[in-house]
Structures are given as structure tokens and as C-alpha cells.
Q: 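Attaching a single structure in C-alpha cells format; questions to follow.
The analysis underlying the following values was restricted to heavy atoms, covering all of them including side chains, and did not include hydrogens, waters or symmetry mates. Sequence lines set the chain letters: A, B, ... in the order given, protein chains first and strands last, and positions in each chain run from 1. Because the structure is predicted, anything quoted here is derived from the model rather than measured.
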There are 2 protein chains.
Amino acid sequence: MTSIHEVAEAAGVSISTVSYALSGNRPVSEKTRRRIEDAVRELGYQPNAGARMLAGRRTNIFALTEPLRPDTHAPTHMAFVLAAAVAARKRGYDILLLTEEQASAGMSRVTASDLVDATLVLDVAPDDERVAIARSIRTPTIFIGIPDDNDGLHCVDLDFDAAGSLAVDRLADAGHHSIALIGQSELAYQRSNFPRRLLNGFRTRAEERRIAQSFHSSGTTVTEPRIVRRAVDAALESGATALVLHAADDVHEAVLDVLAERGLRIGDDLSIVSAGASFDTSALSVAIDTIPLIPQLSCDLAVDLAVRSLDEALTPSVHLIPPEYREAGSVAPPQHA
Amino acid sequence: MTSIHEVAEAAGVSISTVSYALSGNRPVSEKTRRRIEDAVRELGYQPNAGARMLAGRRTNIFALTEPLRPDTHAPTHMAFVLAAAVAARKRGYDILLLTEEQASAGMSRVTASDLVDATLVLDVAPDDERVAIARSIRTPTIFIGIPDDNDGLHCVDLDFDAAGSLAVDRLADAGHHSIALIGQSELAYQRSNFPRRLLNGFRTRAEERRIAQSFHSSGTTVTEPRIVRRAVDAALESGATALVLHAADDVHEAVLDVLAERGLRIGDDLSIVSAGASFDTSALSVAIDTIPLIPQLSCDLAVDLAVRSLDEALTPSVHLIPPEYREAGSVAPPQHA
DNA sequence: TTGAAAGCGTTACCAT
DNA sequence: ATGGTAACGCTTTCAA
């Protein structure tokens, strides 16, 4: 492998000058910098990663821990992994994957061996065991999601509470007095925090605005296709004139199907808002208003926090990303308003 | 951070003895080994990764490249990523994730900087651009999937051809004379190789055995729920008394639904075999015979090849994993046999 | 069975 | 603006 010595020789300078020219940590004359860059290009020089880690104090690698529980929604999860990788690369970092048992033990291992500069935590559970590990290690840890016990931790997430409230606000503003939330599976409300947070924001704001509200959980269409139908029927029977959906893409489509069967036109007969969805809602058969969950936003912020905490001492805190409302014409005043 | 020197001092030996005791590369007396292990435990010593990479010739990291195209089936993909990570960890390797643009450029980068010992390639396309890169780098590359141009490459995959043939054989052996394959989306037959290989095995064997056969592609239930129904109807109209399914989990369930609507009982009225599925088919509403795609098998083999090619010069070749037939009672002789 | 010491390829400090 | 060189923490050869 071609080393910094060969580059130095080819450019007729010392290795330290090559190092400085490449890192920019010290001014280098325009002329020699060019000679060095030429040599680098011609030789196809790429600094040795191990040597950099050893000499410098950075590995330029972030660990990404993902427990991958069986009930994890794969497409959403993949979107976050991808967004994290892209965000990290933009800042010059690679992603080291820690899955399953390694998500916890691995965190300690790669951190203690100085393999990574920081850790990003995905798929956060309310009582996540990685919280304890985060507190026991030296390197920074950023949670993408919010565990119950988040004292002293860096956390990043969509403000699901606000998303729930925002959905209610927009529907109430449009004149609706009775709305229903079709949410995730029962299990999701036990395993994760964010569904509860959205539900909480939904309920609280509905109460504040004296709006009648009801909640209906859904399964997944694959294993329990009929649950969606039941949820929709229950929502309609409750007298709701508007629906808030917090669910996966297939449930969205299934809900739209059921409504079409019932002869209900979106917007005209029934208003709908999708909240906290990370998939492309424009691919649905009917355009609907959305308060999206944008992985890129969370991951960019998480990576930014990670990078910054490498040389500053950041005050740990929970960063809630304000929800954003995207209109698509699926919300209108109720028929009997 | 605690270093090898502190361990050596605590154990009253030289650092080389500590190194040898830990690596096992040289016999160490029972007594001193124990003292060293005690010191390691008490000090919580973890060898510095950068130093190991630099001094040793191994990084103990594999790159995993995954382009993550929009049409990739997320659950299947996640299963492979997970299986690869687990397989690698079993052999002492971590996984460095290379996504999107990084899947190609990243391969050269991490390889040239000696960040990884080998590369695993996922989600292989027929004309995959990573083939050229694999040929241009020094470190071993293992493809999990088979590109069209695979000369001189290490490839690992389920023998989809044989899986297609096996499905035909079992149905023909049961007495069926007309069978239909409900396959993937049209797009999948352009973007990937494995659907074509299964289809090819299916057709070839059907012709060999003089079995009437037909093929029907399906969409995904999310975006095109009606395509599944059409595919099933077309299959039935073709006179098929048995179905081979090569599709995602939701399509499986949708097919079973349509058959239930038609009043057809699995096994009795119509035989079914699922081929090349990586999800848990036992979660379906009806138990069906399976020729599974087992990510763990491919990934274990891939990792094994990667590890072995680090010190032997392995002859490049395509490793086809023989398909396995799992009975569940969904295949029986045809009614009018 | 063990130890001393020469690298491994960088970075960054100290000079000039 | 540039060069020399001491770390960085480990692996492995050479000696004993």
C-alpha cells in the first residue's frame, strides 16, 4: 500500500507537510499543496485508517445500535438507518453496525476499544437497556428516540406530542367536533414511546378544545387484515367526521379502501390527516394531509450533536423537532357543520 | 484509557506476554496467563482498535455494501443485514455499513484506507457496478447474490433455479399436471436476477416433465392490491391445480384470502408451495409447504469465504446453496387426478 | 517460557 | 512555510 512517505518523496517534501496539506491543520503554500495533491492523485494515496486512529484522536466512525426486535417496522427502520448513514457520511463519518445482542454489549466493546467516536441509538424502547450503557461509557451517545429515563442523555426525536396536537388543531380549525385516531398495534404502545406521545398530544388537545375524540388501535394488514376494518367502523360509529392516522403504509391503504367501500369521499364526506408517517404518502391512492416523520431531520440533528460533542461539552437535553403540516386537500369542513 | 502496559505491570510480566496471552499466538504458562486475565478483568482492559489495525494486519471489520434502491423489499433486506452482522460477529468481525452512493465509492475508500479486511455485497443487481470495483481492489469481496458478469468473483446465493425445479418436482410427484407460478413484480424481474432464476428453474423442469405451466407476476399489495387478485384468477383460469408462490409476505396472505373467497381449500382443492421466501411462513393464516430462502445460510457461507480468503487464496466461484423442502400439508394430489 | 525492541503509518509538537 | 521526530498502543521477530 502506498504510504505518506511515498507521497512526500514524490512531492519532494516532508511527511509532516503532506499530513498538514491534507488535513489543513497548518497553512501550506499554494505551490507545494498542489504538488502534494498531484502526488496523492497519481499514487492513489489513501491514509491508513488504523494509523490515523492511533495517532489522531478520532476514528471517524460512529456506532449505530439497532436491536431489531421482531415487531420493528422494517421500512421505517431502514429509512432511519439510511438517513443516519447519509448524515454521518456528510460529516466524514462511517457507520459501524451493532445489532441484536451486540446492540448492548457491542456498545461497550467498540467504545472501550476506541473503535468509534460516538454512538447513535436507534429503535429506542421506554426502558431501553442502552441507557445504562450510555451512562457508563466515555464517548458521546445520541438517542434517536426518547427513553423514559432520559436524564443526562442526548435525545433527538420528532415532537410526537405536538404532532398529535397539531392534527387536532387543524381538524378543529376546519370545524370538526368529533375526531378519531387510528393508531398502531397494541404492542407498539407497550414497546415504544412515540405512539403514546402522539396519542397523548391528540387527547390532550382534543380535551382542551372540547372536541369529542376516540382512539382505535390497528394491527398490521399482513397478519390481521380485519382489525383495520373494525377500527375504521368503530371510528365511524363513534360519530367522528375526521380521522387521524398514525400507522404503517399498508394500514393507510387499507383504511382508504374501507372508506371507499363505504362510499365516503375523502375531504368531502370525511377528513383525514396522516401523522408520524415516514413513508411516501404521495404514493397512496388518495392524496392526504400529512404531518410527516422525517428520518433525515432526526438523523442530521443527531449526527450534528454527536460531532459537536466531540470537542465541546454539550449540555445533555431532549431535542424535540417541531412537526410540519403538509396540505393535500384531505381536510375540509364537516358535512353537517 | 487503560493500555497493555498497565496490564503488563499489574500482572508483573512484559507487554509481549500480555499480547501473546490474549491472542493465543504463543504458549503462555497457566500461571502467568491467569495473572494476566485477572489484571485484564480488574482493569477492564480492551485493546485499542487503531493500534491493532496498525500493528497487526487485520482490522476485524467487514464492509457491507447495500445500495438500498427504492424498490428493495425492506423486511427481506433487513433480514440479510441482520444475518450478515450476526455471522460476522460469530467470527469476531464488525460490520461497517456502506449505503447508496457510498456503496460503490465507499467500497474503494474503505478498502484503500485499510479500514476493512473484506467486503460483503448485498442486493446484487444483474449489471452491478460493484463488480468492477471488486475487481479493482486488493481485499476480498463476496457477493451475496449473483451478477450476470461474475467471472473471477466469489458469489453466494440460494440455488433459485433448483428451488423452482424442486417446487415443480414435488407438485408433479403429487400428481399435478398443470401448475402456475405467481411471482414478483415486473420490476423485480428487471432489477434482480434471482426472480428470473427461479422462474427459469420452474419453466425448465415443467417442460422436462411435460407439465402445463403458466406465470403471473404480482405487484405489492400496498400500491396495487388488485393485481394479486388478477394474478390468482388468471392462474385458476389457466386450469392450474397447484400454485407456486414466489412473493412477499403480504402477497402470500392476499393470495390465501382470494382463495378463501373462492371457497378453495388449501391442499384439498388446490396445492400450494411457497418458494424463495425469507419471512416466517408459519405466521400465515394457513400452513403451506415452503422452499425457504434462509439469509443466515447465505451470510454464514459468505462470511466463511471472506474469513478464509484472508489467508488462503481461494479459487473464485459461484456457491449455490441447495434448496430445502419443508412440508406443511399444503400439497396433495389434484381432485380430478 | 518469557522479554526487549523494531516496526506499523499517522498526527502534532518543537524547531528552524 | 517547512522539516524532524516523538508519540500513539499494539503485534511479532529476535534473543535468551
Q: Would you confirm whether Glu42(A), through its side chain, and Ala39(A), through its main-chain N or O, come within 3.5 Å as a donor-acceptor pair?
A: no

Q: Whether the side chain of Arg26(B) and the base of dT2(C) hold a donor-acceptor pair under 3.5 Å is what I'd like checked.
A: yes

Q: Roughly how bent is the helix from dT1(C)-dA16(D) to dT16(C)-dA1(D) end to end, in steps of 10 degrees, with each end axis from five pairs?
A: 40°

Q: So for atom CD, which belongs to Glu9(B), do other residues, nucleotides or ligands contribute more than 12 heavy atoms lying within a distance under 6.0 Å?
A: no

Q: Side chains of Arg89(B) and Thr99(A): does their closest heavy-atom pair fall under 4.5 Å?
A: no

Q: Using whole Å, report how far CZ of Arg58(B) lies from P of dC8(C).
A: 18 Å

Q: Report all interatomic pairs (protein N or O, nucleotide N or O of nucleotides 9-12 of chain C) with separations under 3.5 Å.
A:
unit_1	atom_1	unit_2	atom_2	d
dT10(C)	OP1	Tyr45(A)	OH	2.9
dT10(C)	OP1	Asn48(A)	N	3.3
dT10(C)	OP2	Ile4(A)	N	2.7
dT10(C)	O5'	Tyr45(A)	OH	3.0
dT11(C)	OP1	Arg52(A)	NE	3.2
dT11(C)	OP1	Arg52(A)	NH2	3.4
dT11(C)	OP2	Ser19(A)	OG	2.6
dA12(C)	OP2	Asn25(A)	ND2	3.2
dA12(C)	N7	Tyr20(A)	OH	3.2

Q: Using whole Å, report how far CD1 of Ile36(B) lies from C1' of dC10(D).
A: 15 Å

Q: Flag the pair Arg58(B) / Asp311(B) as yes when at least one side-chain heavy-atom distance between them is below 4.5 Å, and no otherwise.
A: yes

Q: Just the rounded figure in Å: distance from C1' of dT2(C) to CZ of Arg33(B).
A: 14 Å

Q: Quickly work out the Asp114(A) CG to dC8(D) P distance and round it to whole Å.
A: 13 Å

Q: Does His319(B) reach the side chain of Ser317(B), with side-chain heavy atoms less than 4.5 Å apart?
A: yes

Q: Does any non-hydrogen side-chain atom of Phe62(A) lie less than 4.5 Å from one of Val307(A)?
A: yes

Q: Taking atom P of dA1(D) as reference, at what distance in whole Å does atom NZ of Lys31(A) sit?
A: 13 Å

Q: Among residues two or more places apart or on two chains, list those pairs meeting salt bridge (Lys or Arg N to Asp or Glu O under 4.0 Å) that have a residue in residues 133-147 of chain A.
A: Asp114(A)-Arg138(A), Arg135(A)-Asp149(A)

Q: State which residue, out of Val81(B), Leu64(B), Val156(B), fulfils the side chain to side chain contact (heavy atoms under 4.5 Å, CB included) condition with Leu120(B).
A: Leu64(B)

